[in-house]
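The structure appears right after this line, and notes come after that.
Keep in mind it's a predicted model, so treat the numbers as computed, not measured. These numbers come from the heavy atoms of this one structure, side chains and all, not from hydrogens, waters or symmetry mates.
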Amino acid sequence: MEKSTACLVRAIVILWCCLSNVTSDASDHRYMKGDFVPFYANKVGPFHNPSETYRYFDLPFCSPANVEEKREDLGEVLNGDRLVVAPYKLDFQIDIEPESICTKRLTIKEVAQFRHAVLKDYFYQMYYDDLPIWGFLGKFDSEDKDDQTGAIVHLFKHVHFEILYNKDRIIDVFIQNDPQAVVDLTENKEVEVDFTYSATWVETDTPFEKRLEKYSQTSSLSHNLEIHWFSVINSCATVLLLTGFLAIILMRVLKNDFVKFTPDEEAVDDQEESGWKYIHGDVFRYPRFKSLFAAALGTGTQLFTLTIFIFMLALVGVFYPYNRGALFTALVIIYALTSGIAGYYAASFYYMIEGKNWVKILLLTGSLFSGPLFFTFCFLNTVALAYNATAALPFGTIVVIFLIWTLVTSPLLVLGGIAGKNSQSGFQAPCRTNKYPREIPKLPWYRTTLAQMAMAGFLPFSAIYIELYYIFASVWGHQIYTIYSILFIVFIILLIVTAFVTVALTYFQLATEDHEWWWRSFLCGGSTGLFIYGYCLYYYYARSDMSGFMQTSFFFGYMACVCYGFFLMLGTVGFRAALIFVRHIYHSIKCE
């Protein structure tokens with residue numbers, strides 16, 4: 001197992017280096033005065049709809065006869081980046097007085113395009129020497145924010161660049177719009193616009209190694225850190241209180257149970273058993289839908305491994321701010337390479353509980369998470385194509401992903417399944433299982449599966465909900481999240497709380513002589529994923545300004561896949577913890 005883990009790590013590093021240039025900074029260029037500096041325009045779109053972005057020249061800017069596109073890696077394409085050479089020429093240390101790009105007569109249709117973009121708060125994104133730049137297209141004045149019918153719309157026609165440099169390297173770049181250099185687009189009539197730009201170079205003593213610090217420091221400001229640490233302290237307090245409460249309760253209850261169930265010469269021989277000891281002949285009865293259960297455990301284990309690897313890369317600084325597409329590249333590669341783990345754990349557990357059809361278990365494991373993700377992607381990609389947005393993946397990228405799935409994911413899944421099939425002999429239960437299942441007594445409503453899931457998901461969610469806002473604001477907004485160490489601590493706390501809550505609810509379930517705890521422990525552990533999806537509804541309607549069919553579809557569609565992944569991962573954690581606990585308490589008594 002250690003050799004296979006080492007091979008997995010080496011494979012991830014090799015394949016990662018092949019698909020993405022992982023360095024501390026993507027650009028390490030040195031320039032001399034007058035040298036050409038790469039300058040790319042990326043995309044435009046509504047500021048409040050991060051998924052709804054379009055190609056830069058989809059708007060009627062001054063465009064060259066032949067638009068030169070930059071070759072992008074897999075992660076950049078998945079991120080919706082579509083870089084083209086910008087219409088500005090900013091050579092190193094060359095100041096530029098206001099210079100015309102082109103004089104263009106906008107048609108009524110083009111005026112309507114720009115007016116719509118300004119009213120929707122469109123912004124554009126560019127990269128100069130791999131440093132990100134943002135700017136708005138224009139401004140509008142309206143008495144009523146919700147009703148923009150009579151708004152006065154102005155388009156910025158002049159852009160000024162202020163570029164900071166240290167010796168032979170570029171440190172920072174700022175963009176400024178002249179509020180006086182505007183053109184009125186309020187009326188539906190043709191307008192002649194002279195698009196101009198200028199540039200000023202300013203020397204600074206900021207070292208090149210720190211040029212990206214301003215992006216990461218936004219997460220480390222004092223007031224933000226206080227909130228993050230409050231989140232951690234809140235989570236730790238939840239863990240300590242929960243751990244102490246469960247430890248006291250379970251120790252006292254289990255101690256009494258052990259005393260009660262331990263044979264004693266003075267005990268009454270015909271004393272009737274009750275509680276969890278009473279069902280020792282049924283507690284290790286295999287669950288219904290064994291293949292689906294084993295596939296869920298295998299997929300959950302794979303997603304847990306994927307999350308750990310992502311955290312490892314984040315903690316060593318791979319996902320520095322605006323490393324375009326690095327996270328998406330890592331997700332695709334590591335998910336493909338960890339499919340063997342899913343196959344191994346699913347097949348080994350399936351054969352432990354006396355499963356027979358290993359082909360069925362591998363098909364289930366391979367499609368349990370990727371199947372819903374695939375159908376969600378097909379729908380959302382169709383929506384993006386209808387909008388002509390950059391979120392729509394090109395055919396070539398879809399072929400690449402299909403080849404990765406065919407040539408890497410599927411073979412590793414089969415190999416892992418074969419290894420798992422041959423690794424286990426049987427399920428080692430401390431008690432014999434009766435031939436016929438015992439009837440479960442009628443339970444009150446608060447001990448039903450849905451009620452238990454609600455109780456099980458609330459505590460883990462309460463430990464992470466503060467941090468969730470910053471994650472959402474980063475993924476579905478324009479904030480930057482770089483405090484991965486705090487996020488990792490919160491993740492560990494989430495695992496601990498999930499395990500403890502599931503163990504406690506499993507004990508109370510067994511104490512009521514309900515022996516069908518296998519699925520219940522998985523569902524209770526994974527119920528936090530449902531709470532996270534509930535938070536999605538709150539965030540969308542109360543904390544964001546997202547709107548429109550495309551953005552709504554992307555938000556709820558992909559967040560459904562993410563929450564489903566959390567459900568499988570935390571369900572696996574909950575079941576594993578419950579299994580260890582159940583085995584321990586039944587090992588500690590004499591099962592006849």
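Looking at Thr390, its side chain does come within 3.5 Å of a backbone N or O of Gly80 through a donor-acceptor pair. In terms of modelled atom types and a separation under 3.5 Å, the side chain of Asn49 and the main chain of Ser51 share no donor-acceptor contact. Remark: side-chain polar atoms of His160 are not paired, donor with acceptor, to backbone N or O of Asp178 under 3.5 angstrom. Between the Tyr128 side chain and the Leu90 main chain, a donor and an acceptor come within less than 3.5 Å of each other. Remark: side-chain polar atoms of Trp201 are not paired, donor with acceptor, to backbone N or O of Ile163 under 3.5 angstrom. Using modelled atom types, one side-chain atom of Arg82 and one backbone atom of Val77 make a donor-acceptor pair closer than 3.5 Å. No donor-acceptor pair under 3.5 Å is formed between the side chain of Lys139 and the backbone N or O of Val182. Side chain of Arg30 to backbone of Asp168: no donor-acceptor contact under 3.5 angstrom is found. In this structure, Asp184 contributes its side chain and Thr186 its backbone to a donor-acceptor pair below 3.5 Å. Not a single donor-acceptor pair under 3.5 Å links the side chain of Asn166 to the backbone N or O of Arg169.
Contact between Phe57 and Val85 at its shortest, heavy atoms only, is CE1-O, 4.1 Å. For the residue pair Glu72 and Asp81, the shortest heavy atom distance occurs at OE2-O, 2.9 Å. Across every non-hydrogen atom of Ile101 and Pro87, the tightest pair is CG2-O, 3.8 Å. Nearest heavy-atom pair across Ala336 and Ile404 is CB-CG2, 3.7 Å. The two residues Ala389 and Tyr54 come nearest to each other via the heavy atoms CA-CD2, 3.9 Å. Between Phe123 and Pro46, the shortest heavy-atom contact is CE2-O, 3.9 Å.
Ring planes of His29 and Tyr31: perpendicular class, angle over 60° (limits at 30 and 60°). Using a 30° and 60° split on the angle between ring planes, Tyr335 and Phe369 fall in the tilted class, from 30° to 60°. Ring pair Tyr540/Phe556 is tilted by interplanar angle, where 30° to 60° counts as tilted. Classification of the Tyr564-Phe567 ring pair by plane angle, with boundaries at 30° and 60°, yields parallel.
When only modelled atom types and interatomic distance are considered, Tyr387 and Gln551 share no side-chain donor-acceptor pair under 3.5 Å. Between the side chains of Ser339 and Thr409, no donor-acceptor pair is found at a separation under 3.5 Å. In summary, the side chains of Ser544 and His48 do not present any donor paired with an acceptor at a separation below 3.5 Å, with no hydrogens or angles considered.
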* **side chain to side chain contact (heavy atoms under 4.5 Å, CB included) between Thr528 and Leu494, worked out** => CA-CA 9 Å; Thr528 305; Leu494 171 65; 4.2 Å; yes
* Would you check, one step at a time, whether the test ring-ring contact (aromatic ring centres under 6.0 Å, His included) holds for Tyr481 with Tyr470? => CA-CA 7 Å; Tyr481 192 97; Tyr470 292 97; 7.0 Å; no
* To do: Apply side chain to side chain contact (heavy atoms under 4.5 Å, CB included) to Phe377 and Leu373, showing your working.
  => CA-CA 6 Å; Phe377 162 76; Leu373 180 62; 5.6 Å; no
* To do: Kindly indicate, with the supporting measurements, whether the criterion side chain to side chain contact (heavy atoms under 4.5 Å, CB included) is fulfilled by Phe566 and Leu303.
  => CA-CA 8 Å; Phe566 266 92; Leu303 295 176; over 6 Å; no
* Evaluate the side chain to side chain contact (heavy atoms under 4.5 Å, CB included) criterion for residues Tyr127 and Val173: first the C-alpha distance (whole Å), next the side-chain angles of each, then the deciding distance (0.1 Å), finally the verdict. => CA-CA 10 Å; Tyr127 285 93; Val173 56; over 6 Å; no
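Taken to the nearest 0.5 Å, the CD1 atom of Ile464 stands 11.0 Å off from the CD1 atom of Ile466. Between atom CG of residue Leu83 and atom OH of residue Tyr56 there is a gap of 12.5 Å, rounded to the nearest 0.5 Å. Taking CG of Leu393 as the reference point, atom CD1 of Ile398 lies at 5.5 Å (rounded to 0.5 Å). Rounded to the nearest 0.5 angstrom, Asn381 CG and Leu385 CG are separated by 5.0 Å. In this structure, CG on Leu412 lies 10.5 Å from CG on Leu407, to the nearest 0.5 angstrom. Separation of atoms NZ (Lys104) and NZ (Lys157) is listed at 15.5 Å; rounding is to 0.5 Å.
Using a 4.5 Å heavy-atom cutoff, the side chains of Val111 and Lys189 are not in contact. Counting only heavy atoms from C-beta outward, the side chains of Ile334 and Ile310 approach each other to under 4.5 Å. In this structure, the side chains of Ile108 and Glu190 come closer than 4.5 Å at one or more pairs of heavy atoms. Residues Tyr88 and Val159 meet the side-chain proximity criterion, which asks for heavy atoms closer than 4.5 Å. Between Thr206 and Leu164, every side-chain heavy-atom pair lies at or beyond the 4.5 Å cut-off. Between Ile471 and Leu487, the closest side-chain pair of non-hydrogen atoms falls below 4.5 Å. Using a 4.5 Å heavy-atom cutoff, the side chains of Leu78 and Val332 are in contact. Glu76 has its side chain within reach of Asp73: a pair of non-hydrogen atoms, C-beta onward, lies under 4.5 Å apart.
Around the NZ atom of Lys120, the shell of radius 6.0 Å holds no more than 12 heavy atoms that belong to other residues, nucleotides or ligands. Within 6.0 Å of CZ in Phe374 there are 12 or fewer heavy atoms belonging to other residues, nucleotides or ligands.
Between Phe319 and Phe311, the gap from one ring centroid to the other reaches at least 6.0 Å. Aromatic pair Phe161/Phe39: ring centres closer than 6.0 Å.
Pairing of Cys563 with Cys536 by a disulfide is not supported, the SG atoms lying 2.5 Å or further apart.
By the salt bridge (charged side-chain N to carboxylate O under 4.0 Å, His left out) test, Glu68 is found to be paired with no residue, residues two or more places apart in sequence or in another chain being considered.
In this structure, Arg543 is not positioned above the aromatic face of Phe472 in the sense of NZ or CZ being under 6.0 Å from the six-membered ring centre and within 45° of the axis.
Here the rule is ring pair (Phe, Tyr, Trp, His ring centres under 6.0 Å) with Phe114, and of Tyr122, Phe61, Phe156 only Phe61 fits it.
A salt bridge links Arg211 with Asp129: at least one charged nitrogen is closer than 4.0 Å to a carboxylate oxygen. With respect to the salt-bridge test (charged N to carboxylate O, under 4.0 angstrom), the residues Asp91 and Lys89 qualify.
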